[in-house]
Amino acid sequence: MNIFEEYIKQINSLILKKQQFLKLNNLNNFKGIVVESPPPEFNCDLSCNAALVLAKFNKTNPKELADKIKKLILNDLNDFDKIEIAGPGFLNLKLSNNSLITNINKILENEETYGKKQCSNTYNIEFVSANPTGPMHVGHCRGAVYGDVLANLLKFNGNKVTKEYYINDYGNQIKNFAKSVFLRIREIKYNEKFITKEDLYPGEYIIEISKKIIKSNKKEKFDKFDESIELIKKESLSHSMDLIKLDLKKLGIEHDNFFSETKLISNKLVDKAVNHLKKNNYVQEGYLEPPKGEKDKTWKKTKRLIFKSTLFGDDTDRAMQKDDGSWTYFANDVGYHMDKVNRNFEYLINVLGADHTGYTKRITAAVKALSENKVKLNCKVCQLVKLYKNGKPFKMSKRAGEFISVQDLLKEVDKDSIRFMMLNRSNDVELDFDFDKVLEKSKDNPVFYVQYSFARISSLFRTLNKDLKDKIDLDKKSFSLNENEIKILRKIFEWPKIIETASSKYEPHKIPYYLYELATLFHSYWSKGNEDLNFKFIENGKIKRTETLAIIVLVAIVIQRGMNILGVSLPDKM
RNA sequence: GCGCCUGUAGCUCAACUGGAUAGAGCGCUUGGCUACGGACCAGGAGGUUCUGGGUUCAAAUCCUAGCAGGCGCACCA
């Protein structure tokens, strides 16, 4: 149920019915006409721009048109008490008490699904996909939470969502990773000193993995790297992925599918994808231009397979093969995305870190080519996270430039705060994450502030000895809302719209912002009781007005739905 | 040189995707509350929305030319 959508339908069909009376030649399919919530200073519930939009297409005076529409609405629809024309021709509508009650009851009766937009599409969200050469660092955290909440959001609306992790377990970096483990094993077993080199991974976790491998392979001698490489690769990858999965679990994230790059190669998915593209002439042999900007002396002009991604909006065509004829990383990814397309997803979403900005065009182009434009791939880039402590840039690393791991972060900050704060910004803005702020129990800390409002509500219900799910009967004769309640109710009406834009534009940050605003209105109402005893909710252990109870339950419902989608807990005592 | 992102109050950011007098938090400042749950609430000051041009009833939002910052710009992954 979405109150704006319901009334725009009614208003539009009324206008259609009375098109001649309104002297409108062109309705332009009602494009751009919306009902929304007006700025608070216009004390009304809904606002509609129909006259403004239609006046434009019919070259008439918007205010006069607004006046006609106003009369029609008051005549034909009985949900409204009063309509005012404001500004250039906005219709500001005030709902009657009866329609307020009807709308409140609708929400109370469908509390589990309030805000849900009925959809049934299939989505694949690929996110995190951190290299399996080590544990997750903070940089991965933002994309992880973003992807997870996006999945929750789309699922809430009834879509089928597959959360996927692409494991880059192929290529040179994995070889170096295995080599590092091998050398650590030699170090432990034969006391050979581990020498730090550029390509090798020195981290503590490598030693842990090495120990585990020694333990599970007591007979193995680990004499030559070439002989042990397969065994080491397999086991260390599995240990490494376990570490990552554990981190994710602690953040409340679980993927549905892990897709291995190695399997992609062994199943010849790349060859299949390339052949598919060749048939359409999207891939052919050719030469690439040397990279512009800094001159690279090692550049050689070599004939190779090239994907014509410029046909699909990329800036330059892309190499599918290296000099030695093997596939590039991109070619493998094309194979992977061919598989996604074949699995019949309607929408693909890739959540990437800021360092992959330059990659999005080519893979988006590839999906267009692979699916003949039928499947939409949307690459969402999460900008950097900057860590602060006490307002100062913060580095926990022993050596400069080393990333702070998720484990380190989790030692200081709980999952709820991490999740909420990681979404408290639009994904394409850099995010400052302050360790101290996040731990504060104050208005400074939005997580706390929202949770606190729910704790207050829970406490209220304990005092009343009532349950949030108890039925509420609103009396039509005596029904009236005070100024605070009407403000809150109007905010509650906005919830479905927040869900709608957050999910259709992939902007989950709308939710924390909204919840914070809702919590503010509630805290404000609560405090009114301190100034004026008339505003106290309870008298002699009983609620004074049923209306208040209903409004508070609505707040609880929306905060629960919202925090549920964010994956943040909502304690009833704090 | 090229691409993507960003530029809004002193600071960190919103702005229903083209709507009405551009809003929050922090900081500054004035006051109130001290247990329906205290960790809050109310008010005040603070703006050329980076700059110039354009599109229209209407621009922070769209187009265009610049400026500034960030991230990238392999046959790495």
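All figures in this text were calculated on a predicted structure; none of them were measured in a lab. Order of the sequence lines sets the chain letters (A, B, ...), proteins ahead of strands, with each chain counted from 1.
Annotation: A:Phe57, atom CZ; neighbour count of heavy atoms from other residues, nucleotides and ligands within 6.0 Å is above 12. In A:Lys179, the NZ atom is not crowded: 12 or fewer heavy atoms of neighbouring residues, nucleotides or ligands sit closer than 6.0 Å.
The phosphate of B:A77 (OP1 or OP2) has a side-chain N or O of A:Lys322 nearer than 4.0 angstrom. Side-chain N/O atoms of A:Ser426 include none lying less than 4.0 angstrom from OP1 or OP2 on B:C13. For B:G37, neither phosphate oxygen OP1 nor OP2 lies less than 4.0 angstrom from any side-chain nitrogen or oxygen of A:Tyr452. In this structure, A:Arg362 does not reach the B:G3 phosphate: none of its side-chain N or O atoms is under 4.0 Å from OP1 or OP2. Taking side-chain N and O atoms only, A:Trp526 has no distance below 4.0 Å to OP1 or OP2 of B:A39.
Salt-bridge annotation for A:Lys497 and A:Glu500: absent, with no side-chain N of the basic residue lying under 4.0 Å from a carboxylate O of the acidic one. Between A:Lys340 and A:Glu164 there is no salt bridge, since none of the side-chain N atoms of the basic residue sits less than 4.0 Å from a carboxylate O of the acidic one.
Residue side chain A:Ser524 does not reach the base of B:A42 through any donor-acceptor N/O pair under 3.5 Å, judged by distance alone. Counting distance only, with no hydrogens placed and no angle test, the side-chain atoms of A:Tyr513 and the base atoms of B:A24 include no donor-acceptor pair under 3.5 Å.
Nearest to the side chain of A:Thr357, among B:G3, B:G19, B:C75, sits B:G3. Considering only side-chain atoms of A:Lys536, the nucleotide from B:G37, B:C36, B:G3 that sits closest is B:C36.
Across every strand in view, B:G44 sits in a pair with B:C28 that passes the Watson-Crick or G-U test at under 3.5 angstrom.
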